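As structure tokens, the structure follows; a few thoughts come after it.
Remember, it's a predicted structure, so these values are computed and weren't measured experimentally. One-based numbering, in listed order, for ligands and for the atoms of each. Starting from 1, each residue takes its place in the sequence as its number.
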Amino acid sequence: MVSIYNFSAGPSLLPREVMEQVQAEFLDWNGTGLSVMEMSHRSNAYESIIHRAEADLRELLAIPEDYAVVFMQGGGVGQFDAVPLNLRPEGKSADYIVTGDWSKKALLSASRTGYAHMALSNASSHHSDLPIRAEGNFNRDAAYLHFCSNETISGVEFPDLPDLPADVPWIADMSSNILSRPTTVSRYGLIYASAQKNIGPAGFSLVVVHRDLLHKAHPLTPAVLNYTVLAENGSMYNTPPTFAIYVAGLVFQWLLKQGGLRAIEQKNKDKAQLVYKTLDASSLFKCPVAPAARSLMNIPFTSGKSDIDARFLRFVEPRGLVQLKGHKSVGGMRASLYNAMPLEGIRALTEALRDFEKSADF
Ligand SMILES: *Cc1c(COP(=O)(O)O)cnc(C)c1O
């Protein structure tokens, strides 16, 4: 039997230990005789699950007391509407940095409901490098400055503390790199992430928001997207995605057991470096992203020829390397190396890259 290594960008692999625990507890959680799927979200049992999940998340990210943690529905794209509805007062504008497909979509959503302005972009590098602050046109009176900390499709990642104006609150879409490294939460006004990349199964988005930013929502904001309503009701104004939050809670426990985010970051750096080194040494494949902007989570690469890329994907499948196909908008391949990807998966990938190159005259 070959081991399967799943490089999907999302929904993506989860830690094996977590999956085994979910399986063991599936029919009977903690002697209750109930599956977590069948529990009232208002039961004591479920309350203990969601409270522990929040407490462990607070510990992992060192979230200060003056920030609320909200688990809500709508995924990452739901936040594209929720952010401006909650944080941009009528008549005010919001600044957006566009570094790839996801931040572009966020700007489009915000433009539908009010004023949103592209303050800075990395279009001059074809979305393959970090934007240059001096090229920006920032509005000091903006309600906030939004950016995507890791562009999942093009593989461009900001550092934890990017070189950006700090006079308006930073709002970051961390869907694909949350919990991959320590985050200085206090420098952000709000952080959000869809669940299905580095947190757990699809079904919720996580929001960490400074309490000073609550109570500003537009009156037409749907209650299920209203941070204030959800924060004041412990994420239980409506039924939260209970099972997904339970699995995420087990992932948080697993991360704490790994030594927390400093330790995880070191592992992620080691893993990503192995892949980048192999690609940089290859005369067949290359990664188009500038070295300073390279993501630890999502690595796009290509031979530049679609028939060779397709052959590579067929070559690696019997080796158990799956879901490596790049996003349809860019083609090629993409290796997503989320926290749960073991080092053996990286070794299998780098070996396959070298073997494929040796296997024929390209
Ligand atoms: C996946 C992703 C999203 C969209 O998340 P959905 O849960 O599909 O709505 C948004 N932003 C980034 C950076 C992503 O990677």
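Not a single heavy atom of G10 sits closer than 4.0 Å to an atom of ligand 1. In this structure, Q196 counts as a contact residue of ligand 1, since one of its heavy atoms falls inside 4.0 Å of the ligand.
Of all protein heavy atoms, the one lying nearest to atom 11 (N) of ligand 1 is D173 OD2, 2.7 Å. Looking only at heavy atoms of the protein, atom 14 (C) of ligand 1 is closest to K197 NZ, 2.9 Å. Summary of contacts: the protein heavy atom closest to atom 6 (P) of ligand 1 is G76 N, 3.4 Å. Residue, atom and distance of the protein heavy atom nearest to atom 15 (O) of ligand 1 are T152 OG1, 2.4 Å.
Ring centroids of H41 and Y46 are separated by 6.0 Å or more, keeping the two rings apart.
Geometrically, K257 does not engage W254 in a cation-pi contact defined by less than 6.0 Å to the ring centre and at most 45° from the axis.
Here the options are N177, N298, N198, N268, the test is side-chain hydrogen bond (donor to acceptor under 3.5 Å, both in side chains), and the partner is Y338; only N298 passes.
Using a 4.5 Å cut-off on side-chain heavy atoms (C-beta onward), V224 and Q73 make no contact.
Note that OG of S176 and CE of M297 are 8.5 Å apart. Values are rounded to the nearest 0.5 Å.
By the criterion of a heavy-atom distance under 4.0 Å, the side chain of C148, and not its backbone, is placed next to ligand 1.
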